[in-house]
K.L.:
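One structure coming up, written as structure tokens, with questions to follow.
Since the structure is predicted, the reported quantities are computational estimates derived from the model, not experimental observations. All values below were derived from every heavy atom in this structure, side-chain atoms included, with hydrogens, water molecules and symmetry-related copies excluded.
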Amino acid sequence: MPILIEPTIPEGSFVDAEQPVIEVSRSILLRPWNGGDAAAVVEAFKDPLIQRWHVRRPDSVEEAAGWIEGWQSEWHKESGAHWAVVDPSSDLLLGRIGLKGIDLYDGTAELVYWMTVPARGHGVCSNSVIALSRWAFDDMTFNRLELEHSVDNVASCRVAGKAGFQVEGTRRMSARHADGWHNMHVHSLIRGDSIAS
């Protein structure tokens with residue numbers, strides 16, 4: 001069956017290019033994951049809040065290394081793009097940010113993130129979301145980014161608002177966490193929207 005439209009993002013845009021390093025600020029850098037990050041991922045997931053909202057944890061460095069390999073492979077499959085959020089002076093892991101479920105034809109993806117405890121409350125997450133959104137629209141010609149979180153996750157809602165994502169509505173009982181089913185807020189940012197500065 002022929003497809004009657006060209007993809008919004010040309011095929012090969014990811015696989016034919018090296019994943020970039022994105023400078024957020026002098027103290028925040030988004031860089032591709034590497035195998036040496038596995039121990040830091042294990043440490044990050046000891047945090048009960050990360051486990052609560054992401055409903056899993058790696059129980060070994062080897063398991064975390066497998067996650068990282070999966071994140072890396074998505075770039076080459078053009079299905080996802082994932083970065084470690086780090087302090088450029090020390091390479092200390094501050095969090096994770098990424099685009100998952102990339103659809104080249106529609107030019108859409110879901111933006112996902114988590115931050116370590118020391119990185120919270122200092123604008124690391126919201127500024128990283130802003131920087132990644134700019135890259136997605138300006139460098140990769142995305143049309144729409146979505147962001148979804150539990151209605152109980154007030155911090156994620158605040159990040160979305162600071163980055164300029166608009167609330168579109170609530171998906172009722174659409175995600176299951178350890179404490180049961182959650183209603184999920186859906187936010188979006190589309191090409192031409194005002195991204196926070």
Side-chain angles (χ1 to χ4, degrees), residues 13-14 17-54 57-58 64-65 67-72 74-75 80-102 109-142 144-149 153-166 185 187-191 193-197:
S13 294
F14 291 87
E18 186 174 342
Q19 185 175 355
V21 172
I22 301 171
E23 184 176 339
V24 178
S25 70
R26 288 190 301 176
S27 58
I28 309 167
L29 192 70
L30 312 183
R31 64 150 172 82
W33 288 94
N34 64 61
D37 295 320
V41 171
V42 172
E43 190 62 31
F45 269 80
K46 291 179 181 176
D47 174 37
L49 273 181
I50 291 181
Q51 289 184 28
R52 179 178 187 198
W53 302 126
H54 298 274
R57 70 167 189 261
W67 289 10
I68 290 169
E69 288 174 9
W71 296 335
Q72 292 170 326
E74 287 188 22
W75 180 270
H82 306 272
W83 285 263
V85 183
V86 300
D87 178 332
S89 64
S90 64
D91 206 40
L92 176 72
L93 182 66
L94 304 175
R96 171 194 171 219
I97 192 166
L99 301 173
K100 70 177 190 176
I102 290 173
E110 181 182 355
L111 198 148
V112 295
Y113 50 78
W114 50 257
M115 296 294 135
T116 62
V117 175
R120 295 177 196 154
H122 304 290
V124 175
C125 192
S126 55
N127 287 322
S128 296
V129 169
I130 290 165
L132 182 54
S133 299
R134 285 206 176 106
W135 173 84
F137 290 121
D138 296 344
D139 294 6
M140 298 300 286
T141 67
F142 276 85
R144 172 187 169 92
L145 299 179
E146 295 181 0
L147 192 159
E148 186 175 289
H149 64 82
N153 191 339
V154 177
S156 271
C157 202
R158 194 163 44 243
V159 165
K162 284 182 178 178
F165 280 71
Q166 297 180 24
H185 274 168
H187 301 254
S188 70
L189 191 66
I190 62 172
R191 176 173 292 286
D193 280 351
S194 179
I195 303 176
S197 55

K.L.:
Measuring only between side-chain heavy atoms, which start at C-beta, is Ser156 closer than 4.5 Å to Trp53?
P.N.:
no
K.L.:
Compare all side-chain heavy atoms of Ile68 with those of Asn34 and state whether any distance is below 4.5 angstrom.
P.N.:
no
K.L.:
Closest heavy-atom contact between Ala44 and Thr116?
P.N.:
CB-CG2, 4.0 Å
K.L.:
Over all heavy atoms of both residues, which pair between Val24 and Ala131 is shortest? Give the atoms and the distance, please.
P.N.:
CG2-CB, 3.8 Å
K.L.:
Check whether Asn127 reaches the backbone of Gly123 with its side chain - one donor and one acceptor, N or O, closer than 3.5 Å.
P.N.:
yes
K.L.:
For Leu132 and Tyr113, run side-chain contact (heavy atoms from CB on, under 4.5 Å): C-alpha distance rounded to whole Å, both residues' side-chain angles, the deciding distance at 0.1 Å, then the answer.
P.N.:
CA-CA 11 Å; Leu132 182 54; Tyr113 50 78; over 6 Å; no
K.L.:
Cation-pi check, Arg120 to Trp114: give yes when NZ or CZ is under 6.0 Å from the six-membered ring centre and within 45° of the ring axis, no otherwise.
P.N.:
no
K.L.:
Can you confirm whether Ile102 sits close enough to Phe142 that some side-chain heavy atom of one is under 4.5 Å from a side-chain heavy atom of the other?
P.N.:
yes
K.L.:
Tell me the closest heavy-atom pair linking Met115 and Cys125, and the distance in Å.
P.N.:
CG-CB, 3.6 Å
K.L.:
So, Arg31 and Asp91, do they make that salt bridge, N to O below 4.0 Å?
P.N.:
yes
K.L.:
Rounded to the nearest 0.5 Å, how far apart are CD of Gln166 and CG of Asp193?
P.N.:
5.0 Å
K.L.:
Could you check whether any side-chain heavy atom of Phe137 comes within less than 4.5 Å of a side-chain heavy atom of Thr141, counting everything from C-beta outward?
P.N.:
no
K.L.:
Counting C-beta onward and ignoring hydrogens, is there a side-chain heavy-atom pair between Cys157 and His185 closer than 4.5 Å?
P.N.:
yes
K.L.:
Determine whether Ile97 and Val112 satisfy the following criterion, side-chain contact (heavy atoms from CB on, under 4.5 Å), listing intermediate values before the conclusion.
P.N.:
CA-CA 6 Å; Ile97 192 166; Val112 295; over 6 Å; no
K.L.:
Report the distance from atom CD1 of Ile130 to atom OG of Ser25, rounding to the nearest 0.5 Å.
P.N.:
11.0 Å
K.L.:
Looking only at heavy atoms, what is the nearest atom pair of Pro88 and Arg26, with distance?
P.N.:
CG-O, 3.2 Å
K.L.:
Mind checking the CG-CG spacing from Asp87 to Leu93? Nearest 0.5 Å is all I need.
P.N.:
10.5 Å
K.L.:
Nearest 0.5 angstrom please: Trp75 CH2 to Phe14 CZ, how far?
P.N.:
5.5 Å
K.L.:
Measure the spacing between CG of Leu111 and NE2 of His149 and express it to the nearest 0.5 Å.
P.N.:
12.0 Å
K.L.:
Would you check if Arg96 and Val85 make a side-chain contact, meaning some heavy-atom pair closer than 4.5 Å?
P.N.:
no
K.L.:
Scan side-chain atoms only and decide if His82 and Glu74 contain a donor-acceptor pair under the 3.5 Å cut-off.
P.N.:
yes
K.L.:
Determine the minimum heavy-atom distance between Ala64 and Ala38, stating which atoms define it.
P.N.:
CB-O, 3.5 Å
K.L.:
Does any non-hydrogen side-chain atom of Ile190 lie less than 4.5 Å from one of Phe165?
P.N.:
no
K.L.:
Do Trp67 and Phe45 have ring centroids that are under 6.0 Å from one another?
P.N.:
yes
K.L.:
Between Val129 and Ala163, which heavy-atom pair has the shortest distance, and what is it?
P.N.:
CG1-CB, 3.5 Å
K.L.:
side-chain contact (heavy atoms from CB on, under 4.5 Å), that's the test. Do Trp83 and Trp135 meet it? Break it down for me.
P.N.:
CA-CA 13 Å; Trp83 285 263; Trp135 173 84; 3.6 Å; yes
K.L.:
So how far is it from Ser188 OG to Leu145 CG, rounded to the nearest 0.5 Å?
P.N.:
9.0 Å
K.L.:
Using a 4.5 Å cut-off on heavy atoms from C-beta on, say whether the side chain of Val41 contacts that of Trp33.
P.N.:
yes
